[in-house]
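What you are looking at is a predicted structure, and each value in this text was computed from that prediction instead of being measured. We count ligands from 1, going down the list as the structure has it; atoms in each ligand are counted the same way. When reading the values below, keep in mind they use all heavy atoms of this one structure, side chains included, and skip hydrogens, waters and symmetry mates.
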Amino acid sequence: MAKILVTYDMFREGFEELVEKYDVTFPDGKDFSYEEVMSMIPEYDVLCSMFDFPVNKELMDHAINLKLVANYAVGYDNIDIPYAIEKGITVANTPDPVTAPTANLALALMLDAARRVTECDRHLRTEGKNMKIGVLENLGVGVTGQTLGIIGMGRIGQALAKRANACGMEVLYHNRRQLDLEAETRFGVEYVSFDELLDRSDFISLNAPHTPETYHLIGEEEFKKMKSSAILINTARGPLVDERALIKALKEGTIHAAGLDVFEFGDYPLPELLELENVVLTPHIGTQTEQTRVEMAKAVCDNVIGFLEDDRPVKRVTPFFKW
Ligand code: GLV
């Protein structure tokens, strides 16, 4: 019977079918460390990893029985994909349950940064009746009638476009490949070059994967090409943005504001970002709802069982190397 190792501590809802059928090891109360996984992995056929767990050459070389890495995430920049392919290890991800919650958070950050929701909340709590309130205080910027530029028009970008349409926004996008006309019409989006998007957008949302090509996609030069009223939203991966250049742009008014769910250097933003009023920060909560956690667990199970039993589709990002 296949042996399955789950690296992350998680409630069991969503994993029922896998646990019934297979020998599954979960950590107890705390994620397994890299060292713990290294010592256990030779015995396992399947690794269920979290988006921040490094599945690198060293680990794959050590994993003599490993056939499948089922990542609990749509992103898989934690996995050395070319090496997995070289070793004949299949890699799968969970795009479907991630789409709507991540697009919802991107919209939430847009609205929050534009209307200064958490900033006002912070001032009310800390200043109470000393907070200046009046019809010309705490002015935000409008959303309806404004232009959103989406960089990366995959599932999440498309879901965000639909939401932006509902808010009465004009939507531009840039992507490696242009969508066909039918899809562009359905999502109400216009394809433009990267520079045109930077130039015309009031809001810019990053919805592209983290790859060597997208590392520091947005840096000092790109901020200069944006409107000084632009609001940057990042719910994708931190390294897409040069965080030090972003801090400078926010401080100097090169752009107006930002909403960030991910940071360049791991779980936490650089301390200077915490000092700025014109940025809304959340700690990588794009999929952090109970419903999505369970749906992602089910998607991981479907990938593992589909791989082992060939009875359902597997959302894979490498060729399918047979079990
Ligand atoms: C979350 O960041 C994901 O990649 O699913």
Checklist entry - Which part of Val98 is near ligand 1, with near meaning a heavy atom under 4.0 Å away: side chain, backbone, both or neither? => result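 It is the side chain that gets close, since no backbone atom is under 4.0 Å.
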Checklist entry - Out of His284, Met296, Gln288, whose heavy atom is nearest to atom 1 (C) of ligand 1? => result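 Comparing heavy atoms across His284, Met296, Gln288, the nearest one to atom 1 (C) of ligand 1 lies in His284.
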Within-cut-off N or O pair, [X] and ligand 1, under 3.5 Å:
X: Ala73; answer: no
X: Arg237; answer: yes
X: Phe51; answer: no

Item to check | For Gly75, atoms of ligand 1 separated by under 4.0 Å from a heavy atom | outcome: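 Listed by number with element: 3 (C), 4 (O).
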Checklist entry - Once the angle between the rings of Phe194 and His174 is folded into 0 to 90°, is it parallel (under 30°), tilted (30 to 60°) or perpendicular (over 60°)? => result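 Phe194 and His174: tilted rings.
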Next on the checklist: Check whether Thr99 reaches the backbone of Arg155 with its side chain - one donor and one acceptor, N or O, closer than 3.5 Å.
Outcome noted: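 No: the side chain of Thr99 does not pair with the backbone of Arg155.
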Item to check | Whether Glu264 side chain and Gly238 backbone form a donor-acceptor pair below 3.5 Å | outcome: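 No, Glu264 side chain to Gly238 backbone: no donor-acceptor pair under 3.5 Å.
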Checklist entry - With ring centroids as reference points, do Tyr72 and Tyr8 lie under 6.0 angstrom apart? => result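 Ring-ring flag for Tyr72/Tyr8: true, centres closer than 6.0 Å.
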Checklist entry - So with a 6.0 Å cut-off around CZ of Arg312, is the heavy-atom count from everything else above 12? => result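 More than 12 within 6.0 Å, yes.
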Next on the checklist: Salt bridge check, Lys57 against Asp61: does any charged N sit closer than 4.0 Å to a carboxylate O?
Outcome noted: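 No salt bridge links Asp61 with Lys57.
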Item to check | Protein residue, atom and distance nearest to atom 5 (O) of ligand 1, heavy-atom basis | outcome: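 The answer is Val74 N, 2.8 Å.
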